[in-house]
Amino acid sequence: MFNEKAEAAIPAEVRMISGCEDKQTSADVSNVSSFKLPDPAGRAGGACTSALLNVLYADKHAPDEALSFKDVLLKMRTILRDKNFTQIPQLSSSRELDVDTKFDITPDGFSGTKRAVLIGINYVGQDGELSGCHNDVLNMKEYLMDVHNFEEENMTVLLDDGVHEDPTKDNILNAYRKLVLESEPGDCVYCHYSGHGAKVRDDNNDEADGYDETLVPLDYGNSGMIRDDDLLKTLVIPMKKGVFVTSIMDCCHSGTVLDLPYTFKADGEQDSMAHNDNFNFDTMMSILSYLNQGNYMGAVSAAVSSGGCCMIS
C-alpha cells in the first residue's frame, strides 16, 4: 500500500543524494586537490560534491568497477570521516530502491534526452560568503559531459560569477519549471545545488519536526528562501511519469529537502532503504490535485516562452 501511494503521489522516479541529515550542516572544502578532483575554477569545493566526485571521477576517470548506491554513499562517508567531516550522506527516493543496485545517473534502457540544471551560489560580497560552489558546478558539469554524454545545450547553469545567469529565487524556480515543461517520458534529468541551506518554521503544519528545509537563493534577503514545499510544487510532483531524475543537494539541512518517502543513511547502521511511516501523502496528493486543475502547465509554458519569470502561485 505504501509503495502504491508513493507512485501515485510522485509520478516520476526521483533520487536525491544530500550532503547531510536535516539536523546537520554541510561543509566547504578549502582545497579540492586533496580529493583528487579536476579543478577548473579554483581550489575550493563543497565537501559532499568533492567526496562524490572523488568516488565517481577521481583523476578525471570513472571507476573501473561498477559501484552500487550503497558503495557510493559509504565511500563518500569514509572520505568525509577521514577528512574530519561529521556529516552523513543520505539517499532518498520516490520509489523503494535496492541500495545494492548499480549507481548510475543514466538508467538502463535510456532512450530520451539528457537535461540538467546546475546551481552554485557563493554569495559573493554577502555575509556568509562561500568559496566552493562555483567549482562544484563546473566540476559536475565536466563529469556529466565526459562520463554521461550530457550536451551543453541541454544544461542550464546558474552562478553568481558575473558571467552566468544569477541564481536568484525567480531564476532558480523558473529553471526548474522549464526543466519540468521540457522533460518527457524516457528523459534523464540531473539537478545540482551547491549553496547555503537552512531551516525555517513550517507555515502549513505538514512537517513532523515543525520546520521546512530550504534552499537559500542569492537574493534571499529580498525574495525569501525556497522552501521544500516550493520544490515539491515546482519540481518533484509536476515531473512526468517516466522521467528519471537524480538530484544532488550539497547544502546544510538537506536530508529531506525534496520530501521523498524512502531514505538510506550512510551511517554504517542502515543496510537497506526504509520508508517513512509518518510520510504525509495527504500533502502530496493535495498538491497533485492542484496541479491537475485548470491549465497549470499551460500557464507555465506561456511564462517560460515569454522569457519572463513564472509567477505561478
Side-chain angles (χ1 to χ4, degrees), residues 16-20 24-54 57 76 79-80 83 85 87 89 116-145 152 155-176 179 190-200 213-228 230-231 235 247-255 257-258 309:
M16 179 187 78
I17 293 178
S18 53
C20 54
Q24 291 184 303
T25 58
S26 188
D28 204 35
V29 179
S30 62
N31 189 346
V32 297
S33 65
S34 64
F35 286 86
K36 298 182 181 178
L37 292 180
D39 192 15
R43 295 185 177 179
C48 171
T49 304
S50 297
L52 178 64
L53 286 175
N54 189 35
Y57 198 51
M76 287 176 64
I79 292 167
L80 292 167
K83 302 292 181 182
F85 296 117
Q87 62 199 78
V117 170
L118 309 172
I119 300 164
I121 316 176
N122 277 348
Y123 310 90
V124 177
Q126 300 188 43
D127 290 339
E129 182 172 341
L130 299 174
S131 60
C133 300
H134 298 169
N135 206 45
D136 286 346
V137 164
L138 297 176
N139 285 334
M140 187 57 70
K141 179 183 176 184
E142 181 177 355
Y143 165 71
L144 290 173
M145 295 178 69
E152 192 163 17
M155 304 175 81
T156 298
V157 177
L158 304 181
L159 298 174
D160 55 333
D161 61 354
V163 177
H164 296 82
E165 189 173 11
D166 279 339
T168 62
K169 182 176 182 178
D170 280 343
N171 287 344
I172 291 171
L173 292 177
N174 195 41
Y176 287 151
L179 186 68
Y190 178 86
C191 297
H192 190 101
Y193 175 87
S194 287
H196 279 306
K199 297 179 74 171
V200 297
E213 289 69 45
T214 68
L215 306 183
V216 182
L218 179 63
D219 61 339
Y220 70 94
N222 295 321
S223 300
M225 300 188 191
I226 298 174
R227 293 176 180 258
D228 48 12
D230 299 322
L231 295 173
L235 176 64
S247 175
I248 306 297
M249 292 292 186
D250 193 352
C251 57
C252 300
H253 310 294
S254 55
V257 72
L258 291 188
C309 294

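A 4.5 Å side-chain heavy-atom check between Val124 and Glu129 finds at least one atom pair inside the cut-off. Taking the side chain as every heavy atom from C-beta outward, Ile119 and Ser194 never approach each other to under 4.5 Å. Using a 4.5 Å heavy-atom threshold, the side chains of Leu258 and Asp228 count as separate. Side-chain contact between Leu179 and Cys191 is present, with at least one heavy-atom pair separated by less than 4.5 Å. With contacts defined as side-chain heavy-atom distances shorter than 4.5 Å, the pair Leu159/Val157 qualifies. The side-chain heavy atoms of Leu144 and Met155, taken from C-beta on, include a pair separated by under 4.5 Å. Side-chain atoms of Leu53 and Met140, non-hydrogen and from C-beta on, do get closer than 4.5 Å to each other.
Residues satisfying the side chain to side chain donor-acceptor pair (under 3.5 Å) test with Thr156, not counting sequence neighbours, are none. The salt bridge (charged side-chain N to carboxylate O under 4.0 Å, His left out) search around Lys169 returns none, not counting sequence neighbours. Partners of Asp230 according to the side chain to side chain donor-acceptor pair (under 3.5 Å) rule, which considers only residues two or more places apart in sequence or in another chain, do not exist here. Tyr220 meets the ring pair (Phe, Tyr, Trp, His ring centres under 6.0 Å) test with no other residue; sequence neighbours excluded. With sequence neighbours excluded, the residues forming a side chain to side chain donor-acceptor pair (under 3.5 Å) with Tyr190 are His192, listed by chain and number.
Checking side-chain atoms of Asp136 against main-chain N and O of Thr49 turns up no donor-acceptor pair under 3.5 Å. Glu142 places no side-chain N or O within donor-acceptor distance of the main-chain N or O of Leu138, the cut-off being under 3.5 Å. Listed for the Tyr123 side chain is a donor-acceptor partner under 3.5 Å among the backbone atoms of His196. Using a distance-only test at 3.5 Å, with no hydrogens or angles considered, a donor-acceptor pair links the side chain of Gln126 to the main chain of Leu218. Looking only at distances, a side-chain donor or acceptor of Asn171 sits under 3.5 Å from a matching main-chain atom of Asp166.
Residues Cys133 and Ile121 approach most closely at SG-O, 3.3 Å, considering heavy atoms. The minimum heavy-atom distance between Cys251 and Leu215, with the atom names listed, is SG-CD2, 4.0 Å. Across all non-hydrogen atoms, the minimal contact from Gly120 to Pro167 is O-CG, 4.0 Å. Minimum heavy-atom separation, Gly224 to Pro217: O-CG, 3.3 Å. The minimum heavy-atom distance between Cys48 and Ser18, with the atom names listed, is SG-C, 4.3 Å.
Between the CG atom of Asp170 and the OG atom of Ser223 there is a distance of 6.0 Å, given to the nearest 0.5 Å.
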Inset, instruction - For Ile248 and Tyr193, run side-chain contact (heavy atoms from CB on, under 4.5 Å): C-alpha distance rounded to whole Å, both residues' side-chain angles, the deciding distance at 0.1 Å, then the answer. - result: CA-CA 6 Å; Ile248 306 297; Tyr193 175 87; over 6 Å; no

For this session: Under the salt bridge (Lys or Arg N to Asp or Glu O under 4.0 Å) rule, what do Glu152 and Lys141 come out as? Steps first, then yes or no, please.
Result: CA-CA 9 Å; Glu152 192 163 17; Lys141 179 183 176 184; 2.5 Å; yes

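Thr168 pairs in a side-chain contact (heavy atoms from CB on, under 4.5 Å) with only one of the listed residues (Leu158, Asp219, Asp160), which is Asp219.
Side-chain contact annotation: His134 with Asp161, donor-acceptor N/O pair under 3.5 Å absent.
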